[in-house]
Amino acid sequence: MTRFAVGQVAPDFTLPVVGGGNVVLSEEIRQADRGVVVYFYPRAMTPGCTKEACDFRDAENSLRSAGYRVIGISPDSLEKLERFVERDNLNFPLASDASKEVMTAWGAFGEKQNYGKIVQGVIRSTFVIDGDGKFALVKYNVKATGHVARLRRELGIDGERFRQG
């Protein structure tokens, strides 16, 4: 299975997003001041994925103020993702990778342990891509709870700005 490391070039992708159109990683990188946060999650509207998405929602202003854009990616249909956005007032693009092609290429889909059994599935992962299109941060097998707060700390985004943003 492919696993990336800091400093490697992030593979570009184009995926459909809620609201119509596509998200193109290279375009997001060009529009971001500092970089793009791409996170992969297993399934919309489940407890862990909801917690993580709402944490990103609540941190969106501070992340954007610090120069980062956020993209969430799951294998869910656009219809399900649209319900997720509406239900939880999500304020960043959610993309559908129904074929799991991007997830697989990024090492975010494959064998993982689930309740002690080896299964095929989405590996909750988060990446930060810098302005040069290279991985600045690579995190596989992240926990949904507390993940966004750790990410903000690693990016040097101060907690005071987060509370105000």
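All of these numbers come straight from a predicted model, not from anything done at the bench.
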- Message: As a quick check of understanding, evaluate side-chain contact (heavy atoms from CB on, under 4.5 Å) for E154 and L137, giving each step before the final call.
- Response: CA-CA 9 Å; E154 290 183 42; L137 190 80; 3.1 Å; yes
- Task: Could you please spell out the steps behind the side-chain contact (heavy atoms from CB on, under 4.5 Å) verdict for I71 and E28?
- Result: CA-CA 9 Å; I71 304 167; E28 293 295 313; 3.8 Å; yes
- Given the rule in the side-chain contact (heavy atoms from CB on, under 4.5 Å) test, do L90 and F56 qualify, once you have shown the distances and angles that lead to the verdict? CA-CA 8 Å; L90 302 179; F56 271 112; over 6 Å; no
- Walk me through it: do L25 and I29 pass the test side-chain contact (heavy atoms from CB on, under 4.5 Å)? CA-CA 6 Å; L25 178 61; I29 292 168; 3.8 Å; yes
- Under the ring-ring contact (aromatic ring centres under 6.0 Å, His included) criterion, do F135 and W106 qualify, and how do the steps go? CA-CA 11 Å; F135 290 108; W106 283 53; 5.3 Å; yes
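A salt bridge does not link E52 with K143: none of the charged nitrogens is closer than 4.0 Å to a carboxylate oxygen.
Applying the ring pair (Phe, Tyr, Trp, His ring centres under 6.0 Å) criterion to F84, with sequence neighbours excluded, gives no partner residue. V24 meets the side-chain contact (heavy atoms from CB on, under 4.5 Å) test with D12, T14, S26, E27; sequence neighbours excluded. With sequence neighbours left out, the side-chain contact (heavy atoms from CB on, under 4.5 Å) criterion links A105 to no other residue. For Y68, there are no ring pair (Phe, Tyr, Trp, His ring centres under 6.0 Å) partners, not counting sequence neighbours. For Y41, the ring pair (Phe, Tyr, Trp, His ring centres under 6.0 Å) partners are Y39, not counting sequence neighbours.
In terms of heavy-atom proximity, I73 sits nearest to F13 at CD1-CZ, 3.7 Å. Between P11 and F4, the shortest heavy-atom contact is CG-CZ, 3.6 Å. Considering all non-hydrogen atoms of both residues, V6 and V138 come closest at N-CG2, 3.9 Å. A pairwise comparison of heavy atoms in S74 and D76 identifies OG-OD2, 2.8 Å as the closest pair. Across all non-hydrogen atoms, the minimal contact from A144 to K51 is O-CG, 4.5 Å. Here the shortest heavy-atom pairing between A32 and G67 reads CB-O, 3.8 Å.
In terms of hydrophobic clustering, with Ile, Leu, Val, Met, Phe, Trp and Tyr side chains grouped at heavy-atom distances under 4.5 Å, V9 and V37 are assigned to different clusters. I157 and V128 fall within a single hydrophobic cluster, where Ile, Leu, Val, Met, Phe, Trp and Tyr side chains are chained together by heavy-atom contacts under 4.5 Å.
Residues T126 and V38 have side chains not in contact (no heavy-atom distance under 4.5 Å, counting atoms from C-beta outward). Residues S96 and P75 form no side-chain contact, since every pair of their non-hydrogen atoms from C-beta on lies 4.5 Å or further apart. Between K134 and Q8 there is no side-chain heavy-atom pair separated by less than 4.5 Å. Side-chain contact check for V142 versus L151: every heavy-atom pair is 4.5 Å or farther apart. Side-chain contact check for N22 versus V17: every heavy-atom pair is 4.5 Å or farther apart. Within the 4.5 Å cutoff, no side-chain heavy atoms of I118 are placed close to those of K112.
Screening residues 85-101 for salt bridge (Lys or Arg N to Asp or Glu O under 4.0 Å), with sequence neighbours left out, gives no hits.
The OG1 atom of T50 sits 10.5 Å away from the CZ atom of R43 when rounded to the nearest 0.5 Å. Here the straight-line distance linking atom CZ of R64 with atom CG of N91 works out to 8.5 Å at 0.5 Å rounding. Distance CZ/R150 to CG/D55: 10.0 Å, rounded to 0.5 Å.
Annotation: R57, atom CZ; neighbour count of heavy atoms from other residues, nucleotides and ligands within 6.0 Å is above 12.
For R124 and F40, the positive end is not near the middle of the six-membered ring at less than 6.0 Å and at most 45° from its axis.
Put simply, the side chain of S125 gets close to the backbone of I123: a donor and an acceptor are under 3.5 Å apart.
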